[in-house]
Amino acid sequence: MTSLKKPKAAADDLEAEAEKAFQRAAAQQIQNGDDFDSEFEGAFQNPSALKSNSSVTKVSAGNPEITTALLSFQLKQKDCRAVFPQAKGLVPSELTDIPPTQRFLMISEQEAAPISPTTGQMRPGQRRRRSDKDNIPPGIRKLPSPPTTLEQAQMEWDLVETVQPGNGQAGSHSPLITFQDAMRHCQTASYLEQHMSHIKPTIKHRGMAAVTHKLFGPPQMNSSLHLERNLIFALALCMFKNDEPMHNYVLQTIYKKLTGTKLDCPRYGNHWELIGFQGLDPATDLRGCGFLGLMTTLYLVTGHRTHGLALDIYKLSQHETQNFPFAIMSINITRIALQTLREEKLNKECNRRRQVLAIFVEFYAAIFLNVYHVWKHQHKTITDSGFVLRETEKLAKKRPRELLRNLERALADRQSLIKVDEDDFSPKAKQPDILDKFAGVCDLKVDEEEEVHLV
């Protein structure tokens with residue numbers, strides 16, 4: 001019986017030592033904040049299970065269950081050696097001669113030593129942390145590392161070279177178009193015919209409103225002027241066409257006349273904000289009155305009488321505190337003029353002068369002049385734009401002839417000032433006066449007793 005108790009005690013001591021080593025390693029890992037590896041969880045069973053398996057050793061030595069318990073424990077040790085790789089260069093067969101406690105510490109030390117990325121050898125002293133990169137299944141390509149600042153800047157620059165669509169190329173030189181040239185093109189353009197059937201040149205009144213309008217309203221427009229009037233409303237329905245050279249010429253001419261540049265600018269870009277458009281594409285701002293919004297602006301910036309007024313308005317739009325978007329303001333004023341024409345408030349003037357287009361663009365310029373004076377002298381800002389436009393629309397529909405007379409008077413005064421300035425600065429006119437009043441060096445009388453002082 002004495003010889004049979006030794007294997008029993010050896011098995012219990014081996015189990016106790018392995019359990020204590022496992023608990024010490026677990027406590028050390030919990031203190032360091034690291035998680036258990038799945039290899040340890042699969043290799044070592046629950047200590048309670050080992051105790052249940054080794055409980056058969058309590059039977060007498062003659063009982064064959066002692067041999068079964070010992071073989072079961074040795075098989076578990078072999079499973080542990082099969083799970084882990086070779087420890088410190090020892091083959092699995094050599095691990096059987098090492099005590100279990102030392103063998104567990106050797107395996108734990110090997111698992112805690114990560115592999116160096118440069119030498120490929122195990123690097124002791126640090127435990128490799130498990131991450132999501134280790135769990136990537138084979139066949140799944142890992143994402144590349146994020147680009148550096150230089151690489152990102154290079155990619156952005158490469159994109160800039162390819163995001164400029166359209167046919168407008170910077171550096172080209174398109175011809176300057178006058179308002180008369182653009183209107184001659186529009187009168188013969190085939191793409192305007194599709195809009196003629198959708199225009200609404202007048203407001204249809206019903207019931208008593210129709211009777212009141214007939215008796216007390218403005219006179220009807222002469223039928224001979226309907227074709228010219230309908231052309232204006234067709235232009236308001238026509239959108240900007242990139243494939244039409246005349247449309248691009250009009251857009252480039254407006255930009256050149258306002259900014260003073262000689263070369264064309266790209267079709268798309270934030271440079272259009274310089275003249276008052278809201279986005280990278282000026283065509284998106286023309287939804288209110290179509291291509292007519294560019295035609296009225298073209299009249300203002302290319303007319304020999306209105307060009308100076310356009311520059312004054314544009315200068316005010318660039319003011320530090322009283323700034324406003326020039327192009328957007330022009331489009332809103334075009335809409336006011338178009339609505340006044342639709343309500344037949346310009347019929348009397350059109351019948352008197354027997355033309356519609358000239359009256360319309362002059363009325364547009366007159367409204368813009370009124371907005372300019374109100375904005376400048378009443379110190380309006382962009383927050384007052386809604387109020388200014390509403391009051392201007394009421395004035396335009398109530399007293400259109402007064403606005404036209406104010407425009408004619410302002411343009412006449414401007415022309416007279418320009419003529420006076422030209423006469424004053426003429427070399428022929430100024431040369432005799434300058435020579436008569438010029439005092440030579442010999443004509444100067446110097447008082448020798450008077451001291452000279454610098455102010």
Side-chain angles (χ1 to χ4, degrees), residues 166-168 174 177-203 225-255 257-258 267-268 272-273 275-303 310 325-346 350 356-368 371 389 392-393 396-397:
N167 53 5
S174 61
I177 300 299
T178 63
F179 177 76
Q180 290 75 16
D181 295 337
M183 284 307 305
R184 280 192 293 268
H185 165 80
C186 295
Q187 290 172 355
T188 58
S190 59
Y191 55 82
L192 289 178
E193 296 178 359
Q194 59 182 342
H195 302 295
M196 288 296 182
S197 59
H198 299 88
I199 62 174
K200 297 179 180 180
T202 58
I203 297 178
L225 303 177
H226 287 181
L227 184 61
E228 189 175 355
R229 179 199 62 184
N230 295 344
L231 177 62
I232 296 176
F233 287 97
L235 286 173
L237 294 179
C238 178
M239 299 308 298
F240 187 89
K241 295 181 178 296
N242 285 319
D243 56 349
E244 179 57 52
M246 181 57 68
H247 288 204
N248 290 279
Y249 294 161
V250 170
L251 190 60
Q252 294 291 340
T253 301
I254 295 173
Y255 187 85
K257 285 292 185 179
L258 290 176
R267 172 65 178 82
Y268 303 91
W272 294 110
E273 298 177 0
I275 61 174
F277 287 103
Q278 291 182 335
L280 305 181
D281 184 9
T284 59
D285 296 328
L286 300 177
R287 291 185 295 268
C289 50
F291 188 65
L292 182 65
L294 289 183
M295 291 296 296
T296 52
T297 309
L298 181 68
Y299 166 80
L300 188 67
V301 301
T302 59
F326 178 88
I328 300 301
M329 182 68 74
S330 176
I331 293 172
N332 280 274
I333 293 175
T334 304
R335 180 191 58 80
I336 295 175
L338 189 66
Q339 186 63 24
T340 307
L341 179 63
R342 179 179 282 113
E343 294 181 7
E344 301 179 299
K345 301 298 179 62
L346 298 178
C350 292
V356 181
L357 183 61
I359 300 299
F360 177 78
V361 292
E362 288 179 8
F363 184 63
Y364 152 83
I367 299 175
F368 217 152
V371 171
L389 288 175
T392 302
E393 185 172 3
K397 294 179 180 180

Trainee: In Å, rounded to the nearest 0.5 Å, how long is the span from OH of Tyr364 to CD1 of Ile367?
Mentor: 9.5 Å
Trainee: Does the side chain of Gln339 come under 3.5 Å of the side chain of Arg342 through a donor N or O and an acceptor N or O?
Mentor: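 Short answer, yes.
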Trainee: Would you tell me whether Thr178 and Thr302 have side-chain atoms, one donor and one acceptor, within less than 3.5 Å of each other?
Mentor: no
Trainee: Under the criterion side chain to side chain contact (heavy atoms under 4.5 Å, CB included), I'd like the reasoning laid out for Asn248 against Ser174: C-alpha separation, chi angles, the key distance, then a yes or no.
Mentor: CA-CA 9 Å; Asn248 290 279; Ser174 61; over 6 Å; no
Trainee: For Met239 and Ala283, work out which heavy atoms get closest and say how close.
Mentor: CE-O, 4.3 Å
Trainee: Using modelled atom types only, decide if a donor and an acceptor are shared between the side chain of Asp285 and the backbone of Gln278 within a distance under 3.5 Å.
Mentor: yes
Trainee: Before giving the answer on side chain to side chain contact (heavy atoms under 4.5 Å, CB included), spell out for Phe368 and Phe326 the whole-Å C-alpha distance, their side-chain angles and the decisive distance to 0.1 Å.
Mentor: CA-CA 10 Å; Phe368 217 152; Phe326 178 88; 4.1 Å; yes
Trainee: Give me the atom names and distance for the closest heavy-atom approach of Ser330 to Gly293.
Mentor: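 Closest approach of Ser330 to Gly293, heavy atoms only: OG-O, 4.4 Å.
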Trainee: Is the Tyr299 ring parallel, tilted or perpendicular to the Phe179 ring (thresholds 30°, 60°)?
Mentor: perpendicular
Trainee: How about Tyr191 and His247: are their ring centroids closer than 6.0 Å?
Mentor: yes
Trainee: Got a donor-acceptor contact below 3.5 angstrom from the Glu393 side chain to the Ile336 backbone?
Mentor: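 No.
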Trainee: I need the Met329 CE to Ile333 CD1 distance, nearest 0.5 Å.
Mentor: 6.0 Å
Trainee: For the residue pair Phe277 and Tyr255, is the inter-centroid distance of their aromatic rings smaller than 6.0 Å?
Mentor: no
Trainee: Please round to the nearest 0.5 Å and tell me the distance separating atom CG of Leu237 and atom CD1 of Ile232.
Mentor: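 Between atom CG of Leu237 and atom CD1 of Ile232 there are 12.5 Å.
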Trainee: Where is the tightest heavy-atom contact between Cys238 and His195, given as atom of each residue plus distance?
Mentor: CA-NE2, 3.8 Å
Trainee: Would you compute the distance between atom OG1 of Thr253 and atom CG of Leu294 and round it to the nearest 0.5 angstrom?
Mentor: 10.5 Å
Trainee: Could you tell me the separation between the CD atom of Gln187 and the CG atom of Leu231, rounded to the nearest 0.5 Å?
Mentor: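 So the CD of Gln187 and the CG of Leu231 are separated by 6.0 Å.
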Trainee: Taking all heavy atoms of Ala234 and all of Leu192, pick out the closest pair and write down the distance.
Mentor: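 Ala234 and Leu192 have their closest heavy atoms at O-CD2, 4.0 Å.
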Trainee: With rounding to the nearest 0.5 angstrom, report the CG to CG distance, Leu225 to Asn230.
Mentor: 10.5 Å
Trainee: Between Arg267 and Pro282, is there a side-chain heavy-atom distance shorter than 4.5 Å?
Mentor: yes
Trainee: Please name the pair of heavy atoms, one in Glu228 and one in Val356, separated by the smallest distance, quoted to 0.1 Å.
Mentor: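 Reported closest heavy-atom pair: OE2-N, 3.4 Å.
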Trainee: Is there a side-chain contact between Thr284 and Phe240 (heavy atoms, below 4.5 Å)?
Mentor: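 Thr284 vs Phe240: side chains apart.
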Trainee: Verify side chain to side chain contact (heavy atoms under 4.5 Å, CB included) between Phe360 and Cys350, making sure each step is shown before the conclusion.
Mentor: CA-CA 9 Å; Phe360 177 78; Cys350 292; over 6 Å; no
Trainee: Near Ile203 CD1, under 6.0 Å, is it more than 12 heavy atoms from other residues, nucleotides or ligands?
Mentor: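 Buried by this count: over 12 neighbours within 6.0 Å.
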Trainee: Please check this pair: side chain of His185 against backbone of Asp181, looking for a donor-acceptor N/O pair closer than 3.5 Å.
Mentor: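 No, His185 side chain to Asp181 backbone: no donor-acceptor pair under 3.5 Å.
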Trainee: Could you report the tightest heavy-atom contact between Glu273 and Gly279, atom names first, then the distance?
Mentor: CG-O, 4.4 Å
Trainee: Within 45° of the six-membered ring axis of Phe233 and under 6.0 Å from that ring's centre, is NZ or CZ of Lys200 located there?
Mentor: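 No.
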